[in-house]
Amino acid sequence: MNILDTLSSTEQKLDNSEKIKIYLCGVTVYDESHIGHARTIIVFDVLRKYLENKNIQVELIQNFTDVDDKIINKAKEENVSAQEISNRYIENYFRDFDKLNIKHATNYPKATEHIEDIIQFIKKLIDKEIAYVSDNGVYFSVSKFPEYGKLSKKKIDELKSGSRIQVDETKKDPLDFAVWKFSDTEPLWDSPWGKGRPGWHIECSVMSMKYLGGNFDIHGGGRDLIFPHHENEIAQSEAHSDCQFAKIWMHVGMVTIMGEKMSKSLGNTKSIKFVLENWGPNIIRLFCLSGHYSKVIDYSEELLKENLTKWRQVETCYFELIHANSNQQEDISEKIKNIGNEFDKSLEDDLNTHLALSAFFQLVKETNRLAASEKLGIENAKIIMSEFERISNILGLKIPQMNQEEKNKIDNLILGREKFREEKQFEKADEIRDKLNEMNIELIDHKGKTIWMKKEKIKKDC
RNA sequence: GGUACUCUGGCAGAACGGUUAUGCGUGAGCCUGCAAAGCUUAUACAAGGGGGUUCGACUCCCUCGGGUACCUCCA
């Protein structure tokens with residue numbers, strides 16, 4: 001599998017070894033997660049599920065940054081502890097992302113639970129004279145890391161001249177960044193240099209190394225993390241270990257809205273909670289996977305609606321498959337195999353989810369074509385269903401299931417309707433159809449039989 | 001200002017140095033008691049502008065222009 005690596009700007013082969021180690025920069029937990037966060041995490045979820053489908057073990061570490069100025073400010077505003085804030089939003093995180101059908105990471109380490117590791121890490125940096133203690137904290141000395149800027153392709157002197165950073169006189173160099181900030185208000189921890197808290201960036205260096213070792217396969221996150229976050233992580237980590245940090249840097253493009261970046265600071269976010277309520281998880285996933293992960297996608301109701309149409313086709317396909325009972329058979333195994341290969345090939349090529357989705361929709365189309373011509377036999381349905389399930393698993397799409405009782409009820413109503421239709425009592429037949437519609441059951445009248453499908457409830461459906 | 005990415009048909013969006021992408025939408029038809037869903041079929045002078053390389057460029061190079069992101073916290 002090839003992945004576009006931000007550091008080398010080329011596609012790098014992902015070792016198809018038995019295990020792939022991935023570190024994904026998660027969220028700072030001070031507010032509701034929005035659809036931009038969802039995109040990044042969905043992309044990595046698909047990557048992970050694809051690899052696992054190929055029997056490659058994946059160790060995925062995704063951090064929570066739970067100590068940060070924004071958390072502290074919010075805590076002050078609400079007059080509660082920082083921990084209460086971070087706990088609340090971690091809870092919300094799982095509330096949202098579980099609904100989005102994201103498989104849990106191997107581990108979700110938190111900065112506050114790794115203070116001792118962080119202190120040890122900083123100690124070594126100071127011992128190596130790469131970091132120094134000043135009045136305000138401990139700083140990483142950028143000049144000690146000659147390759148600084150290699151990820152974001154920035155030149156050090158240009159950074160200096162264009163610097164909008166408030167010049168902190170206690171720093172030796174304006175580009176130096178804090179690994180430890182002195183403070184005398186909560187949250188704070190003891191350190192050999194003074195009470196305070198870790199700076200941003202340091203926790204990812206420490207925790208990735210702790211859980212994945214020095215040189216792991218993929219480090220990922222949103223594009224906006226390239227600078228300064230990932231740049232600083234590389235500097236700290238490589239200065240610390242003298243070894244290459246991540247092998248591949250994989251960055252997911254931004255979600256914009258009306259052409260503008262969706263971000264908390266701009267106040268133009270659509271929270272996952274909101275979008276879930278209106279469109280449900282499957283449409284969000286289809287939307288997030290509709291373009292190449294590295295590019296921008298623009299959030300709009302129109303696009304979500306387009307994906308609703310697609311989702312309805314997927315649902316139709318699924319229910320055609322489970323109701324298949326035609327005696328006619330057409331040999332389709334080769335065709336289905338090709339579609340599966342096409343799907344895999346697309347993902348192998350830098351996780352081209354858009355092409356992979358095209359392959360999936362070919363499968364859907366093929367099924368619906370067979371069903372329309374009364375040629376969807378049980379054997380064929382089995383073959384297709386197995387591929388359908390494999391693909392929807394990787395993409396994280398999920399048809400809502402229902403219990404037997406509900407199914408029986410539907411079948412009985414349909415039988416009643418059939419009777420009225422035979423007797424040409426269409427008004428009564430239509431009443432039953434309407435009743436089923438209210439239950440989100442849609443009837444599909446084929447020549448010889450009527451099948452039903454349970455449609456996912458979508459608020460924005462109209 | 002610097003850096004990166006990007007500019008493809010009404011919309012979304014891929015691949016590829018030479019072949020119809022694909023999907024949505026739209027038109028027509030089939031199916032139906034009527035619908036819905038689905039199917040069939042048709043539809044798009046497509047490549048930001050201008051140069052160049054080439055037998056041939058959407059694809060490579062140069063240049064001009066637009067957009068977005070980053071350069072401060074950010075997925």
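Proteins come first, then strands; the chains are lettered A, B, ... in the order of their sequence lines, and each starts at number 1.
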Watson-Crick/G-U partner (both atom distances under 3.5 Å) of rU3(B): rA69(B)
Is Val252(A) touching bases, backbone alone, or none of the nucleic acid, heavy atoms closer than 4.0 Å? nothing
Lys155(A) near the nucleic acid: base, sugar-phosphate alone, or nothing, with a heavy-atom cut-off under 4.0 Å? nothing
Let's see if you can work this out: which of rA36(B), rC71(B), rG38(B) has an atom nearest to the side-chain heavy atoms of Pro228(A)? rC71(B)
Rounded to whole angstrom, note down the P distance from rG48(B) over to rA14(B). 14 Å
Closest approach to the side chain of Arg417(A), judged atom by atom: which nucleotide of rC34(B), rU22(B), rA4(B) is it? rC34(B)
Here the distance between atom P of rA36(B) and atom CG of Asn440(A), to the nearest Å, is 18 Å
Nearest to the side chain of Asp445(A), heavy atoms from C-beta on, is which of rA37(B), rA69(B), rC34(B)? rC34(B)
In whole angstrom, give me the gap between the C1' atoms of rG9(B) and rA21(B). 12 Å
Whichever of Asp430(A) and Asp224(A) has its nearest RNA chain B nucleotide further upstream toward 5': Asp430(A)
Determine: side-chain N/O of Thr28(A) to OP1/OP2 of rA75(B), distance under 4.0 Å, yes or no. yes
What is the distance, rounded to the nearest whole Å, between atom CG of Leu100(A) and atom C1' of rA75(B)? 14 Å
Nucleotide nearest Glu442(A) (side chain, heavy atoms from C-beta), chosen from rA36(B), rC34(B), rU22(B): rA36(B)
Taking atom C1' in both rU53(B) and rC60(B), what distance in whole Å separates the two? 8 Å
Looking at rA14(B), I'd like to know if its phosphate oxygens (OP1 or OP2) sit under 4.0 Å from a side-chain N or O belonging to Lys295(A). yes
Test log, rule ring pair (Phe, Tyr, Trp, His ring centres under 6.0 Å), inputs Tyr108(A) and Phe94(A): CA-CA 11 Å; Tyr108(A) 291 95; Phe94(A) 286 113; 4.9 Å; yes
Nearest non-hydrogen partners of Arg285(A) and Leu397(A), listed with the distance: CB-CD2, 4.1 Å
Quick one: look up who rA57(B) pairs with, Watson-Crick or G-U, both distances under 3.5 Å, and put none if it's unpaired. none
What one should report as the nearest heavy-atom pair of Lys153(A) and Leu7(A) is NZ-O, 2.8 Å
If you check every side-chain atom of Phe227(A), which of rA75(B), rA14(B), rC70(B) has the closest atom? rC70(B)
Between Asp350(A) and Tyr293(A), do the side chains contain an N or O donor and an N or O acceptor separated by less than 3.5 Å? yes
Decide yes or no, distance alone: a donor-acceptor N/O pair under 3.5 angstrom between the base of rG23(B) and the side-chain of Glu306(A). yes
Under a 3.5 Å cut-off for both contacts, is rC30(B) paired Watson-Crick or G-U wobble with anything, and if yes, with which nucleotide? rG38(B)
Expressed in angstrom and rounded to an integer, what is the separation of Lys154(A) atom NZ from rA69(B) atom P? 14 Å
Is any NZ, NE, NH1 or NH2 atom of the basic residue among Glu387(A) and Arg390(A) found under 4.0 Å from an Asp or Glu carboxylate oxygen of the other? yes
Consider the side chain of Gln313(A), meaning its heavy atoms from C-beta on, and name the nucleotide among rC24(B), rC73(B), rG33(B) that approaches it most closely. rC24(B)
Considering only atom C1', compute the distance from rG13(B) to rU54(B) and round it to an integer number of Å. 29 Å
If I take atom NZ in residue Lys375(A) and atom P in nucleotide rG38(B), what distance separates them, rounded to the nearest angstrom? 20 Å
When you measure from the side chain of Lys447(A), which nucleotide among rC31(B), rA69(B), rG33(B) comes out closest? rC31(B)
Confirm from the modelled atom types if Arg312(A) and rA37(B) form a donor-acceptor pair under 3.5 Å, side chain to base only. no
So, is Lys264(A) close to the rA75(B) phosphate, meaning a side-chain N or O under 4.0 Å from OP1 or OP2? yes
The nucleotide from rC70(B), rG23(B), rA15(B) with an atom nearest the side chain of Lys261(A) is rC70(B)
For Tyr211(A) and His114(A), which I'm curious about, is there any donor-acceptor pair between the side chains at under 3.5 Å? yes
Using purine N1 to pyrimidine N3 plus N6-O4 or O6-N4 for Watson-Crick, or N1-O2 and O6-N3 for G-U wobble, both under 3.5 Å, which nucleotide pairs with rC24(B)? rG10(B)
Just compare rA75(B), rA14(B), rC34(B) and give me whichever is closest to any side-chain atom of His354(A). rA14(B)
Hey, which sits more toward the 5' end of RNA chain B by its nearest nucleotide, Glu302(A) or Lys365(A)? Glu302(A)
Would you measure the distance from the P atom in rA47(B) across to the matching atom in rU59(B) and give it in whole Å? 11 Å
Pairing partner (Watson-Crick or G-U wobble, both distances under 3.5 angstrom) of rA15(B): none
Selection from rG33(B), rA75(B), rC70(B) that lies nearest to any side-chain heavy atom of Arg433(A): rG33(B)
Determine whether the side chains of Glu233(A) and Tyr23(A) contain a donor N or O and an acceptor N or O closer than 3.5 Å. no
Once hydrogens and angles are ignored, does a donor-acceptor distance under 3.5 Å link the base of rC73(B) to the side chain of Lys70(A)? yes
Which value, in whole Å, describes the distance between the C1' atoms of nucleotides rC64(B) and rA28(B)? 45 Å
Separation of the C1' atoms in rG50(B) and rA57(B), to the nearest angstrom: 15 Å
Using whole Å, report how far CG of Leu151(A) lies from C1' of rC71(B). 14 Å
Test applied, side-chain contact (heavy atoms from CB on, under 4.5 Å); reference residue, Glu320(A); option that passes from His446(A), Met453(A), Glu315(A): His446(A)
Could you measure between the two P atoms, the one in rA15(B) and the one in rG2(B), and give it in whole Å? 30 Å
